[in-house]
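Down below is the structure, laid out as structure tokens.
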Amino acid sequence: MIALVDCNNFYVSCERVFQPSLEGKPVGILSNNDGCIIARSEEIKKLGVAMGTPYFKIPDLIKQHNIKILSSNYALYGDMSRRVMQVLGRFTPTMEVYSIDECFLDLSGFSQDLTTYSNTIAKTVKQGTGIPVSIGIAPTKTLAKLANKLAKKGIAGNGSVLVWNTLAEPDKLLATLPVKELWGISSGLGKRLNRIRIDNVLALKQANIQLIRKQFGVVLERMVRELNEIPCIPLEMIAPKRKQILTSRSFGTRLSTLPELRAAVSVFATRSAEKLRSQNLCTQTLCVFIHTSPFALDKPSYNNAITISLDQPTQDTGLLIRTALAGLERIYRPGYEYQRAGILLPDLMPNGMQQLSLFQDDSNDNPKSERLMTVLDAINHAHGRHSIRYASQGLSARWQMRQQLKSPAYTTRWECLPIVTIN
DNA sequence: TCTGGGGTCCTAGGACCC
DNA sequence: TCTGGGGTCCTAGGACCC
């Protein structure tokens, strides 16, 4: 049996742990750059605010209902997530951290009553971290996801826990669920399924497996089998190695000039190199891209990207910056208002295993670069990110993301530690 | 004025091998 | 009249996830 533990309204719950006054009130969390609402409390959902609603489109609603809006605080969410996972780790040796707010636990072979056990898990997480969770338990991941959703919505189970096999008539329930509710079915697949008269989960479960394979491919075939309690998606206990690293941002204000874009791209390249080193990886390839806004239909649009192969794999910030800027020069066109840029490293490998270049005569530089990067990382770790930097990163913050409503990094910066006063 | 960021997997088609 | 059979690797694009 597999349990899916999912934190309820995770980002909102993290904020509420440190601002209990937000409890019971409508709360929304914004995407980076304070763009859209990407996490919602139950109260704001009830007011009809959909996932992904642009923030600037609902000022009246916010005022009228006194909705509390916050910028994303990923330092906080990341740390709270780590704590939740740590508590969950006490309950089973085999678990897969699936996302920042979800975790699969392998409960097969447990002799206890799973409902009781799961209630204990939920209670312990709440007590240890302040975060409320819902738990769905079933023979496959797909069904565990579904059970979790039903528990959360209060359709079945005891409010926060649902063990699939305790349902008297699961098929009756499946028949009431639209196929789009399933993990792995988005609107695209959902519409195609509806066209062949598969509109609820039961219909999909009973669909002809050969036909599904032929028309929709192996992904949906696996899903149908999982609905029939045949596990096809294994638990991944060891996180697989990263396959790519992406660093990109929308700008706080549109950028038109090359110098400003150069500064932004330098910062993204620097961040990418830091990510490489922190995961002990290096890259053989760098891709740099720039976009105008897809929403500015009245203005000329331009999207371009360039992929550059390096002579040999590297994790050196200076080399990645030089490469990225050379790429930028080639794709930059004047006369556009750029909204976003980024660096993609699509071809990663473990550091120390790279194939050296046959023709490079300065390969002795490698130890030097390594020492420099170690010092750089140590200084920036001790004194804060960007304490020392490459000149090309510049000093202007004009393009930095907007994050005007961000709460303090309560758990990751000493200056932000909450202070408790006892009267 | 204002619309996120970071990932994975699958498939089809092209290029190549013997 | 008539021109094989069986592979691998890479890439771009689409679909999906949180």
Side-chain angles (χ1 to χ4, degrees), chain A residues 4 6-11 28-40 49-59 62 69 71-74 77-78 81 96-104 141-142 145 148-149 179-193 213-223 232-234 236 239-254 268 271-272 275 279 284-285 287 289 291-299 303 305 307 309 337 339-348 400-406:
Chain A
L4 174 67
D6 190 324
C7 301
N8 300 346
N9 317 319
F10 182 56
Y11 296 174
I29 311 288
L30 299 175
S31 60
N32 272 327
N33 220 20
D34 290 350
C36 313
I37 294 184
I38 54 156
R40 303 163 298 155
V49 177
M51 181 74 172
T53 304
Y55 175 40
F56 71 90
K57 283 192 177 169
I58 53 165
I62 290 172
I69 299 287
S71 304
S72 297
N73 183 348
Y74 287 103
Y77 311 149
S81 168
E96 172 190 343
V97 177
Y98 175 66
S99 74
I100 194 164
D101 70 331
E102 285 170 73
C103 187
F104 288 105
K141 278 183 165 181
T142 302
K145 270 283 215 184
N148 185 293
K149 190 170 249 185
V179 84
K180 279 173 207 162
E181 299 274 303
L182 270 177
W183 180 43
I185 297 197
S186 188
S187 59
L189 267 178
K191 275 181 200 141
R192 281 174 60 200
L193 283 168
R213 171 68 182 247
K214 209 170 161 206
Q215 287 197 16
F216 296 89
V218 69
V219 179
L220 200 66
E221 179 190 358
R222 281 201 279 253
M223 206 171 300
C232 299
I233 310 172
E236 308 227 21
K241 280 269 167 236
R242 279 258 169 288
K243 296 190 171 164
Q244 60 177 50
I245 286 177
L246 174 65
T247 307
S248 83
R249 294 282 179 279
S250 296
F251 306 128
T253 42
R254 306 274 182 264
F268 301 158
R271 185 70 197 116
S272 303
K275 289 180 185 173
Q279 298 173 51
Q284 173 78 67
T285 311
C287 169
F289 60 86
H291 289 179
T292 53
S293 169
F295 300 100
L297 300 174
D298 52 335
K299 291 182 178 149
N303 304 329
T307 302
S309 286
E337 294 182 11
Q339 175 244 5
R340 178 185 165 90
I343 302 278
L344 177 66
L345 308 178
D347 193 8
L348 307 176
Q400 297 279 344
M401 299 189 285
R402 275 189 307 271
Q403 288 189 311
Q404 293 177 333
L405 306 164
K406 192 156 89 172

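In the text below, chain A, chain B and the rest are named by the order of the sequence lines, each starting its count at 1. What you see is a predicted model; the values in this text were computed from it and never measured.
For the residue pair T292(A) and N303(A), the shortest heavy atom distance occurs at N-OD1, 3.7 Å. Minimum heavy-atom separation, T247(A) to S272(A): OG1-OG, 3.0 Å.
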Exercise for the section: Using a 3.5 Å limit on both pairing distances, list the dot-bracket string of DNA chain B from the 5' end; Watson-Crick and G-U wobble pairs count, crossing pairs take [ ], interstrand pairs take |. Expected result: ....||||||||||||||
Under 3.5 Å, N/O pairs linking protein and nucleotides 8-12 of chain C:
none

Expected rows: protein N/O vs nucleotides 1-3 of chain B N/O, under 3.5 Å:
unit_1, atom_1, unit_2, atom_2, d
dT3(B), OP1, R254(A), NH1, 3.4
dT3(B), OP1, R254(A), NH2, 3.0

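dG4(B) and dC17(C): their C1' atoms are spaced 15 Å apart (whole Å).
Taking S81(A) as the reference, nothing meets the side-chain hydrogen bond (donor to acceptor under 3.5 Å, both in side chains) condition, with sequence neighbours excluded. By the ring-ring contact (aromatic ring centres under 6.0 Å, His included) test, F289(A) is found to be paired with H291(A), residues two or more places apart in sequence or in another chain being considered. Every salt bridge (Lys or Arg N to Asp or Glu O under 4.0 Å) that D6(A) has, sequence neighbours left out, goes to K152(A). A search for side-chain hydrogen bond (donor to acceptor under 3.5 Å, both in side chains) contacts involving K406(A) returns Q403(A), not counting sequence neighbours. In this view, E337(A) and K299(A) satisfy the salt bridge (Lys or Arg N to Asp or Glu O under 4.0 Å) rule, not counting sequence neighbours. Among residues two or more places apart in sequence or in another chain, the side-chain contact (heavy atoms from CB on, under 4.5 Å) test is passed with R213(A) by V218(A), E221(A). The ring-ring contact (aromatic ring centres under 6.0 Å, His included) search around Y11(A) returns Y74(A), Y77(A), not counting sequence neighbours.
Between the side chain of S31(A) and the backbone N or O of C36(A), at least one donor-acceptor pair lies under 3.5 Å. Between the side chain of D34(A) and the backbone N or O of Q404(A) there is at least one donor-acceptor pair closer than 3.5 Å.
Mapping P240(A) and M51(A) onto DNA chain B by nearest heavy atom places M51(A) at the nucleotide closer to the 5' end.
Here L345(A) contributes atom CG and Q284(A) contributes atom CD; the two are 11.5 Å apart, rounded to the nearest 0.5 Å. Between the CG atom of N32(A) and the OG atom of S72(A) there is a distance of 5.5 Å, given to the nearest 0.5 Å.
Of the residues in residues 241-248 of chain A, those with a non-hydrogen atom less than 4.0 angstrom from any atom of DNA chain B are R242(A), K243(A), Q244(A), I245(A), L246(A), T247(A), S248(A).
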Fill in the blank from the handout: Its contact letters, B for base, S for sugar-phosphate only and - for none at protein heavy atoms under 4.0 Å, make nucleotides 13-18 of chain C read ---SSS
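Residues E96(A) and K141(A) form a side-chain contact, since some pair of their non-hydrogen atoms from C-beta on lies under 4.5 Å apart.
Distance CD1 (I37(A)) to C1' (dG4(B)): 13 Å, rounded to an integer number of Å. Rounded to whole Å, atom C1' of dG5(B) lies 9 Å from atom OH of Y11(A). Atom OH of Y74(A) and atom P of dG4(B) are 11 Å apart (whole Å). Atom pair N32(A):CG and dG6(B):P shows a separation of 7 Å (rounding to whole Å applied).
Using bins of under 30°, 30° to 60° and over 60° for the plane-to-plane angle, the ring pair W183(A)/Y98(A) lands in the perpendicular bin.
Paired with L405(A) under the rule side chain to side chain contact (heavy atoms under 4.5 Å, CB included), one option of I69(A), N73(A), I29(A) passes, and it is I69(A).
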